[in-house]
K.L.:
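Pasting a structure here, questions to come.
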Amino acid sequence: MRSASEPELTEQADRTSPHPAMGAMDLLGQRWTLRVIWELEPGPLGFLELRRRMGNCSSSMLSERLQRLQRHGILEKRADKTYELAFAGTELSNALQQLWDWSERWASNLTPETTAE
């Protein structure tokens, strides 16, 4: 059970389903969200370095994603102004590792078909 001091994973505005897992999928399905988690998994990064690693993600989009992930308790902004995964973010990253491993094994099944039906 979640304690009163722990943030909820989803905000009411993010929910399209009353099920917590679906709310989490709604959050994680937003463009750039998983990439932010991926880039921060090895350790803290400042905004500029994270932005550089994100490729064509705009600064405003990155800022919005960072704020949202902080609100949900997945990221923390440290005193030195770097971002790192919070405890919930580390647990999420560990859970996502299985998905990433699965996608590596089944990548060939996930690519778009090049032949017309």
K.L.:
Answer yes if L27 and W100 sit in the same cluster of Ile, Leu, Val, Met, Phe, Trp and Tyr residues linked by side chain heavy atoms under 4.5 Å apart, and no otherwise.
P.N.:
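Same cluster: L27 reaches W100 through Ile, Leu, Val, Met, Phe, Trp or Tyr contacts under 4.5 Å.
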K.L.:
Calculate, to the nearest 0.5 Å, the distance between atoms CG and OG belonging to N109 and S103 respectively.
P.N.:
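The CG atom of N109 sits 11.5 Å away from the OG atom of S103.
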K.L.:
Going by side chain to side chain donor-acceptor pair (under 3.5 Å), name the residues that satisfy it together with S58, two or more places apart in sequence or in a different chain.
P.N.:
S60
K.L.:
Check step by step if side chain to side chain contact (heavy atoms under 4.5 Å, CB included) holds for R65 and Q30.
P.N.:
CA-CA 9 Å; R65 289 297 179 256; Q30 294 173 350; 3.6 Å; yes
K.L.:
Who are the side chain to side chain contact (heavy atoms under 4.5 Å, CB included) partners of D80, not counting sequence neighbours?
P.N.:
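If we apply the side chain to side chain contact (heavy atoms under 4.5 Å, CB included) test to D80, skipping adjacent residues, the hits are R78, T82.
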K.L.:
For the pair S93 (side chain) and G89 (backbone), establish whether a donor and an acceptor sit closer than 3.5 Å, ignoring hydrogens and angles.
P.N.:
no
K.L.:
Among all residues two or more places apart in sequence or in another chain, which pass the side chain to side chain donor-acceptor pair (under 3.5 Å) test with E49?
P.N.:
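E49 satisfies side chain to side chain donor-acceptor pair (under 3.5 Å) with R52, R53 only.
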K.L.:
Begin with the C-alpha distance, continue with both residues' side-chain angles, and end with the deciding distance and a verdict on side chain to side chain contact (heavy atoms under 4.5 Å, CB included) for L99 and L96.
P.N.:
CA-CA 5 Å; L99 177 61; L96 289 171; 4.3 Å; yes
K.L.:
Please report the interatomic distance OG1(T33) to CE(M61), rounded to the nearest 0.5 Å.
P.N.:
8.5 Å
K.L.:
Give the minimum heavy-atom separation between A86 and G73, together with the two atoms involved.
P.N.:
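Distance-wise, the nearest heavy atoms are CB-O, 3.3 Å.
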K.L.:
Does N56 have any side chain to side chain contact (heavy atoms under 4.5 Å, CB included) partners at least two apart in sequence or in another chain, and if so, which?
P.N.:
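Scan of N56 (side chain to side chain contact (heavy atoms under 4.5 Å, CB included), adjacent residues dropped) gives W32.
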K.L.:
At what distance, to the nearest 0.5 angstrom, does CG of L62 lie from OH of Y83?
P.N.:
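So the CG of L62 and the OH of Y83 are separated by 7.5 Å.
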K.L.:
Which residues pass the salt bridge (Lys or Arg N to Asp or Glu O under 4.0 Å) test with E64, sequence neighbours left out?
P.N.:
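Listed in chain order: R68.
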K.L.:
Distance-only criterion, 3.5 Å: show the donor-acceptor pairs between side-chain atoms of residues 36-48 and protein atoms not counting sequence neighbours.
P.N.:
residue: E39; atom: OE2; partner: R35; partner atom: NE; Å: 2.8
residue: E39; atom: OE2; partner: R35; partner atom: NH2; Å: 3.3

